[in-house]
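What follows is one structure encoded as structure tokens, with my remarks underneath.
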There are 2 protein chains.
Amino acid sequence: MQEPTFLILTALAAQPLHGYGVIQSVTDLSAGDVKLRPGTLYGALDRLAEQGMIEVDREEAIEGRLRRYYRLSETGATTLQEQATRLHRNAAAAESQLGKRPGFTLGLTGA
Amino acid sequence: MQEPTFLILTALAAQPLHGYGVIQSVTDLSAGDVKLRPGTLYGALDRLAEQGMIEVDREEAIEGRLRRYYRLSETGATTLQEQATRLHRNAAAAESQLGKRPGFTLGLTGA
DNA sequence: CTCACATACTACGGTTGACGTTATATGGTG
DNA sequence: CACCATATAACGTCAACCGTAGTATGTGAG
């Protein structure tokens with residue numbers, strides 16, 4: 001699972017959101033590092049719904065514009081938790097390996 | 001950056017390795033979850049070398065077989081550390097959001 | 001001797017997922 | 001009227017990963 005997909009699931013974990021709300025939430029959660037484009041978002045939403053990770057919560061018509069709210073399914077929540085654990089493990093492995101790096105001086109010159 | 005690429009950089013962080021050694025190291029580091037195929041590995045190695053993340057350390061001819069050792073560059077080490085931090089942040093965000101999940105009963109039935 | 005297996009790299013084709021852009025539709029602002 | 005923010009849909013493109021097969025050598029089993 002890639003970062004945009006992971007963050008979309010993360011955004012939907014706390015409460016149902018419509019597409020545009022997901023874009024804003026993901027920007028927040030990633031401290032501005034990830035800004036979803038429509039092509040990425042709606043493609044991912046369709047895919048995740050097909051996979052049963054998310055479900056349509058409800059649809060609202062606000063001033064002629066359709067708002068489709070999605071919510072995280074139980075399957076999606078379980079998968080997200082697993083992925084989060086995996087991310088933690090990978091990050092820890094990288095930091096551990098970097099610590100073994102020869103010449104890893106942390107800015108010191110060998111003093 | 002995707003998981004296989006991240007783990008290849010992680011494998012090379014502690015010491016130079018040749019391709020096959022990377023496959024074994026990644027299997028170890030990921031507790032068997034990620035088994036790199038040649039197509040994934042050598043494609044990634046070429047790409048990472050082009051990007052300056054890794055460098056050819058040395059080449060050895062062992063019993064007619066070529067062994068090409070790669071090492072992580074300074075750029076690669078910095079990038080890997082950044083990615084590790086990002087992974088930790090994303091994992092923490094997901095877990096935090098999951099904690100806010102309505103009906104997040106942790107197996108309880110509401111008693 | 002032959003076959004299978006581990007080591008080690010190369011080459012090719014296919015699929016997925018993210019990306020960028022454009023189009024549609026409406027209300028508010030200048 | 002033009003422009004911007006909201007909100008979704010529908011393209012085409014590209015990067016990255018995946019699987020398989022091929023080349024080559026040494027070792028151990030049958």
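Here is how names work: the chains are called A, B, and so on, in the same order as the sequence lines, proteins then strands, and each is numbered from 1. For the numbers below, each heavy atom of this structure counts, side chains included, while hydrogens, waters and symmetry mates do not.
- In this structure, B:R68 reaches the C:dT10 phosphate: one of its side-chain N or O atoms is under 4.0 Å from OP1 or OP2.
- For A:T5, no side-chain nitrogen or oxygen approaches OP1 or OP2 of C:dG17 to under 4.0 Å.
- Contacts with DNA chain D (heavy atom under 4.0 Å) in residues 19-32 of chain B: none are found.
- Identified under the salt bridge (Lys or Arg N to Asp or Glu O under 4.0 Å) test for residues 41-51 of chain A, with sequence neighbours left out: none.
- Separation of atoms CE (A:M53) and OG1 (A:T78) is listed at 9.0 Å; rounding is to 0.5 Å.
- Contacts classified as side-chain hydrogen bond (donor to acceptor under 3.5 Å, both in side chains) and involving residues 26-40 of chain B (residues at least two apart or in different chains) are given here: A:R89-B:D33.
- Nearest-nucleotide mapping onto DNA chain C: of B:L66 and A:T40, the residue sitting toward the 5' end is B:L66.
- Of all heavy-atom pairs spanning A:I8 and A:A44, the tightest one is CD1-CB, 3.6 Å.
- Listed by residue number, the members of residues 45-60 of chain B with any heavy atom below 4.0 angstrom from DNA chain C form an empty set.
- Grouping the Ile, Leu, Val, Met, Phe, Trp and Tyr side chains by contacts below 4.5 angstrom, directly or via other members, places B:L29 apart from B:F6.
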What does the list of N/O pairs under 3.5 Å between the protein and nucleotides 23-29 of chain C look like, with a distance for each?
residue : atom : partner : partner atom : Å
C:dT26  : O2   : A:R65   : NH1          : 2.6

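- Between A:Q2 and the phosphate of C:dA18, there is a side-chain N or O to OP1/OP2 separation shorter than 4.0 Å.
- Using a 4.0 Å cut-off between a side-chain N of Lys or Arg and a carboxylate O of Asp or Glu, A:E74 and B:R101 qualify as a salt bridge.
- The ring pair (Phe, Tyr, Trp, His ring centres under 6.0 Å) contacts involving residues 41-98 of chain B comprise A:H88-B:H88, B:H18-B:Y69, where partners must be two or more places apart or lie in separate chains.
- By the salt bridge (Lys or Arg N to Asp or Glu O under 4.0 Å) test, A:E82 pairs with no residue at all, sequence neighbours left out.
- Put simply, chain A comes within 4.0 Å of DNA chain D, heavy atom to any atom, from D:dT6 to D:dA10, going 5' to 3'.
- Counting only residues at least two apart or on different chains, no salt bridge (Lys or Arg N to Asp or Glu O under 4.0 Å) pair has a member in residues 12-24 of chain A.
- Under the 3.5 Å distance criterion, the side-chain polar atoms of B:T79 are matched with a main-chain donor or acceptor of B:T75.
- Qualifying salt bridge (Lys or Arg N to Asp or Glu O under 4.0 Å) partners for A:E59, counting only residues two or more places apart in sequence or in other chains: A:R68.
- For the pair B:H18 NE2 and C:dA8 P, the computed distance is 4 Å after rounding to whole Å.
- A search for salt bridge (Lys or Arg N to Asp or Glu O under 4.0 Å) contacts involving A:R71 returns A:E55, A:D57, not counting sequence neighbours.
- Summarising the geometry, the separation between OH on B:Y69 and P on C:dT7 is reported as 13 Å, rounded to the nearest angstrom.
- Listed by chain and number, the residues in a side-chain hydrogen bond (donor to acceptor under 3.5 Å, both in side chains) with B:E60 are B:R58 (sequence neighbours excluded).
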